[in-house]
Engineer: 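The following block contains the structure, expressed as structure tokens.
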Amino acid sequence: MRIRRGLALAAATLLAVPLASTPAHAAESLPFRDPHLALSARVDDLVGRLTLAEKLSMLHQYQPAIPRLGLNVFKAGTEALHGVAWSNDYNGGGAKIDATATVFPQAVGLASTWDPELLSRVGAAVGDEARGLHAQDPIVWGLNLWAPVVNLLRDPRWGRNEEGYSEDPLLSGAVATAYGKGLEGPDLDHLRTAPTLKHYAAYNNETKRDQTSSNVPQRVLNEYDRKTFRIPLQAGAATGVMASYNLINGRPATVDPDLAGPVRSWSDQRLFNVTDAWAPTNLTGSQAYFATQAEADAAVVRAGLDSFTVNDTNGEPTTTALRQALDQGLLTEKQVDTAVGDALSIRFRLGEFDPDGGPYAKISPSIVDSPAHRQLARETAADAMVLLKNDGALPIEPGGSVAVVGPLADNLYTDWYGGQMSYRVTALDGISSRSRTVTSEGADRIALRDVTTGRYVTAADPGAVAATAAGADSAAQFDSVDWGDGISTLRNAANGKYLGYNWGPFVTSESAPTGWYVQQQFKVEDQGDGTVVLHYAGYETQESWFGANTYVTVGADGKLGLGASTAAGAARFRREVITDGVAAAAEAARGKQTAVVVVGTNPFVAGREAHDRTGISLGARQEALIEAVRAVNPHTVVVLQSSYPEDITWAQRHVPGIVWTTHAGAETGNALADVLFGDVNPAARLTQTWPRSVSDLPADLNQYDIIKTGQTYQYDVTAPLYPFGYGLSYTSFKYGDVRVGGGQVSVTVTNTGKRAGREVVQLYTHQRTSRDVTAVKQLRGFQKIALKPGQSRTVTFRLTPRDLAHWDVTRQKWVTETSVYDVLLGSSSADIRQRASLSVHGETIPVRDLSRTTRAETFDDYAGATLLDETKASGTVVSGGWVAYKSAALHGGKTLTVRASGAGSVQVRLGSPTGRLLGTATVSDTGGIYSYATVSAPLSAATGRQDVYLVLGSGLRLATFSIR
């Protein structure tokens, strides 16, 4: 979800509802309040008592109070991705309200534990804290939680990488199931909270996310993007989904028919599906998919969404549009009743209409950030830390001298979907509790002197930053940290505040980079003549409305402003180095028993929701810091704290110890010390592949077809820096022989080291032969086990032929092919310790029969082709490029028949896109992209098994074809 500041709304703009006409005591005795009745009967009774106006009001994010029935205000959506994070103020026009609550590791860190039992406990703690906040203010802190995020991490440049779990759908689904079940509690009829899966579906890019279309062929859609949602829904671990901003195969996800189809079929519970923030107005705005909001809103309801997140707290535009849709026959009241029933169903399951409020009603605010939850946060943070390298550097002996240096050594950061920390234990704090420490941030302290006037940029005036100082005193000094992608922050040495635009003039007012637009970001660009310019890089500069001027200029009064569109017109500054941060940190590390270099990212800077990254490298000065410290201290350990994979190839080659962690909350420092000093034996594993460099990734972030482009560990054949599932331990494990049979795979694992430890046993398979392209390997199961030194344990996985199925495009169904399957067990996707084989007698995918009407989208291969919407309601067509249908049986058919829209040609060729031409069908202008015509054309006869290629002219949208 994104948040936009709304205008303050007068009470008169809220939907008017009838005054109370039923006494309160009478409302309390109505059938819908009887917990002994079936849920369906209670929902139907309440829906039947609502007027049409009241029903429509239930479809907005803020369901208003209905006094005559004793209904209170209900808000859908409290953010709770890794702890209760924030909500909105109903009485304040929807203003964002941050929660001060237990902050657990970011979602990608939670998944790195590979521990469903632990994550279920985390989910339960978050659910209890949501209940505690709800008891404090039930209007602000609603119990419908917008978490977890299950979008797959197929590319680390995605701005929201920190919000997802894994590049693998089975792992992501398992983690989401564990966290979601914790949020819900054990009784699905009496929920602790109601989690909502985000964001359906195929959503991995932020740039123009409401305008880009994810091109997702059938196999990828079914085997990858749908699977990660299906797993938790089938397990009953979520009460609905949120639709994503993007388009999927040309159709906005907000009106994806999957929401009323497959998504609901995956659950045996009634689902409550919601839009993302302002997405309904994108349908008539940036997406221009519908001409009127009435058409758009009707389509949203028909598609299977039950709640409109739009217009902040003001439901009137939504109810007006829906009423118009009813009047125009675009929507029926029965369809409205179904959506209203969905919207109300979770309120029943949450106990709102039960006389005692349900089993969780007595949870009080005292549970929030409780000592038990702080301890759980510490345990989780430690269990989420991945040991990437250890050449004898770890664990550290306590009591010695340790230099703790780097920009994150004494800083902790939250993120957009993280709550506020009531206290902070930094890496320095945690390590200082075990050893004698010295520290240095490693930031360059600089002064900027205006070349024209000779004056220094100063924050002495609290109202504005200006180039007016005669000398470089502390108010004219800034600590510069390079966060990657060329982005730096500048923190004033005198007041500790960050230089930021603040919509002008420039000020130092924030204690950390923050806000939706994050206005504390700069590129300090060297001009090659000893001067630099400041290029403002706040996120709002990427909006179309911002304007061209993004370079800093100096006014006649010395104040900094944005007055130039290029570096040529910008103010020139001399960048004077007061303190070389890298040199200072290296000096602090010299001679110490151990040097711990804490580097990484700031979750608000250089990529986040609405902003993708261009690279995966650390900031250049952070890289230099690692190298400088390693040069003076061979006992160097790098702690990398980031939200996504980083290119740390130099460190992997030269530094003896490396630990990775996400931004892990208030207990980060204690947890880190637990790992570094050996109180906790690390057992976390990476949940996504770490490439060696950005050049190993597809050139275009928007390439969603992981099979075609070879993305993720399943299809990538390049050697990564760290593979999927990778992570080291302070002990060692031996895998015994594998036993396969009876629908099970078993292996005995022994701890062969001197420390107790935990191993994540991972089961993969590979299909040796297939009609289709199959994965290099695919995760089929995992178990985390704890073993004492010398202890053995037999680990058993379920593996049946059905588990080995993939999507057959020729028949559009799941199929397990007859084949030999390699069974692979190990400690990561690349560290396979034992192998076996399994012969499966399944199906043989039949030869294609193109004499039958064939959907164009069921191709086997393609190039330059785009998948688009057949109609606004359903279906997928192919446009442009070529598509191939392999191993098709041709019977001498002499006629090509196509159903298509637009205007253009369809060539039939054999063997390749430039192979033998059998014939061409030409479609004249059908009069619109949703107006289809059926056209036939003669073909030269061909027989036998052939690879058939259709070459499509531009402007044509092909739905079906046949060769007879």
Side-chain angles (χ1 to χ4, degrees), residues 109 112-114 381-400 402-406 408 427 430-431 434-435 589 592-600 618 626-627 629-631 633-642 645-662 664 668-669 671-687 690 692 720-735 749 751-760 762 784 786-787 789 826-831 833:
S112 298
T113 68
W114 290 62
D383 284 355
M385 293 182 181
V386 183
L387 181 60
L388 296 177
K389 183 180 180 182
N390 188 23
D391 284 350
L394 295 168
I396 302 170
E397 288 294 329
V402 181
V404 188
V405 302
L408 287 100
I431 295 170
R434 313 292 181 92
S435 293
K592 301 302 183 292
Q593 177 186 343
T594 305
V596 178
V597 186
V598 192
V599 294
L618 278 175
I626 296 172
E627 295 181 23
V629 172
R630 175 63 182 84
N633 192 323
H635 306 290
T636 295
V637 174
V638 168
V639 174
L640 177 63
Q641 188 171 13
S642 71
E646 300 267 14
D647 173 5
I648 54 169
T649 305
W650 189 93
Q652 173 59 27
R653 287 200 304 262
H654 299 286
V655 175
I658 307 174
V659 173
W660 173 76
T661 175
T662 59
T668 297
L672 179 62
D674 290 340
V675 170
L676 294 182
F677 290 94
D679 293 342
V680 170
N681 189 345
R685 301 291 186 266
L686 298 178
T687 66
W690 285 40
R692 292 185 178 275
L721 180 62
Y722 303 116
F724 171 82
Y726 174 82
L728 303 178
S729 170
Y730 294 152
T731 190
S732 57
F733 299 94
K734 179 182 177 181
Y735 284 59
V749 180
N751 182 345
T752 54
K754 297 180 179 180
R755 288 176 174 264
R758 291 162 296 166
E759 171 72 334
V760 179
Q762 301 165 41
K784 193 170 192 176
L787 296 173
S827 192
S828 81
S829 61
D831 185 8
R833 305 289 183 86

Engineer: Quick one: do Val659 and Leu388 satisfy side chain to side chain contact (heavy atoms under 4.5 Å, CB included)? Show the steps, please.
Structural biologist: CA-CA 6 Å; Val659 173; Leu388 296 177; over 6 Å; no
Engineer: Should Glu397 and Gln593 count as side-chain neighbours, where that means a heavy-atom distance under 4.5 Å?
Structural biologist: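 Counting from C-beta outward, Glu397 and Gln593 do come under 4.5 Å.
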Engineer: Do Ser829 and Tyr726 have side chains that get closer than 4.5 Å, going by heavy atoms?
Structural biologist: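 A side-chain contact is absent here, since even the closest heavy-atom pair is not under 4.5 Å.
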Engineer: Verify whether one side chain among Gln762 and Ser827 offers a donor that lies under 3.5 Å from an acceptor in the other.
Structural biologist: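 Note: Gln762 and Ser827 side chains miss the donor-acceptor criterion.
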Engineer: Does either side chain, that of Thr752 or that of Ser732, offer a donor lying less than 3.5 Å from an acceptor on the other one?
Structural biologist: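 Result is yes, a qualifying pair exists.
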Engineer: Without swapping roles, check the side chain of Asp647 against the backbone of Thr649 for a donor-acceptor pair under 3.5 Å.
Structural biologist: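 Yes, Asp647 side chain to Thr649 backbone: donor-acceptor pair under 3.5 Å.
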Engineer: With sequence neighbours left out, what residues match Lys784 under salt bridge (Lys or Arg N to Asp or Glu O under 4.0 Å)?
Structural biologist: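 Expected list: none.
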Engineer: Val629 versus Val405: any side-chain heavy-atom pair under 4.5 Å?
Structural biologist: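 In contact.
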Engineer: Please give me the minimum heavy-atom distance between Ala589 and Ala403, naming the atom from each residue.
Structural biologist: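 Answer, listing the atom of Ala589 first, then Ala403: CA-CB, 3.6 Å.
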Engineer: Would Arg434 and Asp679 pass as an ion pair if we require N to O under 4.0 Å?
Structural biologist: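 Result for this pair is yes, salt bridge flagged.
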Engineer: Would you indicate whether the side-chain heavy atoms of Arg630 and Pro656 approach each other to under 4.5 Å?
Structural biologist: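 Yes, at least one pair of side-chain atoms sits under 4.5 Å.
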Engineer: So Thr687 and Arg685, do their side chains get closer than 4.5 Å, heavy atoms only?
Structural biologist: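 A side-chain contact is absent here, since even the closest heavy-atom pair is not under 4.5 Å.
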Engineer: Donor-acceptor pair, Ser435 side chain versus Gly399 backbone, under 3.5 Å?
Structural biologist: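 Pair found, side chain donor or acceptor close to backbone of Gly399.
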Engineer: With heavy-atom distances below 4.5 Å as the criterion, would you say the side chains of Trp650 and Val655 are in contact?
Structural biologist: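 Trp650 vs Val655: side chains touch.
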Engineer: Below 30° counts as parallel, above 60° as perpendicular, anything between as tilted: where do the rings of Tyr722 and Trp690 land?
Structural biologist: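 The rings of Tyr722 and Trp690 stand perpendicular, inter-plane angle above 60°.
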Engineer: Test your reading of the model: is there a side-chain donor-acceptor pair from Asn751 to the backbone of Leu787, 3.5 Å cut-off?
Structural biologist: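 Yes; at least one donor-acceptor contact below 3.5 Å.
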Engineer: Looking just at side-chain N and O atoms, do Asp383 and Thr113 make a donor-acceptor pair shorter than 3.5 Å?
Structural biologist: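 Per modelled atom types, Asp383 and Thr113 side chains form no pair under 3.5 Å.
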Engineer: If we ignore hydrogens and angles and just use 3.5 Å, is the side chain of Asn681 paired with the main-chain N or O of Tyr730 as donor and acceptor?
Structural biologist: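 The answer is yes, because a donor-acceptor pair under 3.5 Å joins these two groups.
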Engineer: Is there a side-chain contact between Val596 and Ile396 (heavy atoms, below 4.5 Å)?
Structural biologist: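 Yes, side chains in contact.
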Engineer: Locate the shortest heavy-atom distance separating Met385 from Pro682; write the atom from each residue and the value.
Structural biologist: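 That closest heavy-atom pairing would be O-CB, 4.0 Å.
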Engineer: Using every non-hydrogen atom in the two residues, find where Leu672 and Ala427 come nearest and quote the distance to one decimal.
Structural biologist: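 The answer is CD2-CB, 3.6 Å.
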Engineer: State plainly whether the residues Glu759 and Lys734 are in salt-bridge range, i.e. N to O under 4.0 Å.
Structural biologist: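 Salt bridge between Glu759 and Lys734, a charged N being under 4.0 Å from a carboxylate O: no.
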Engineer: For a quick test of reading the model, state the closest non-hydrogen atom pair linking Ala382 to Ala671 and the distance between them.
Structural biologist: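 Heavy atoms only, the tightest pair is N-CB, 3.4 Å.
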Engineer: Heavy atoms, side chains only, cut-off 4.5 Å: are Gln652 and Leu721 in contact?
Structural biologist: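 Yes; the side chains approach each other to less than 4.5 Å.
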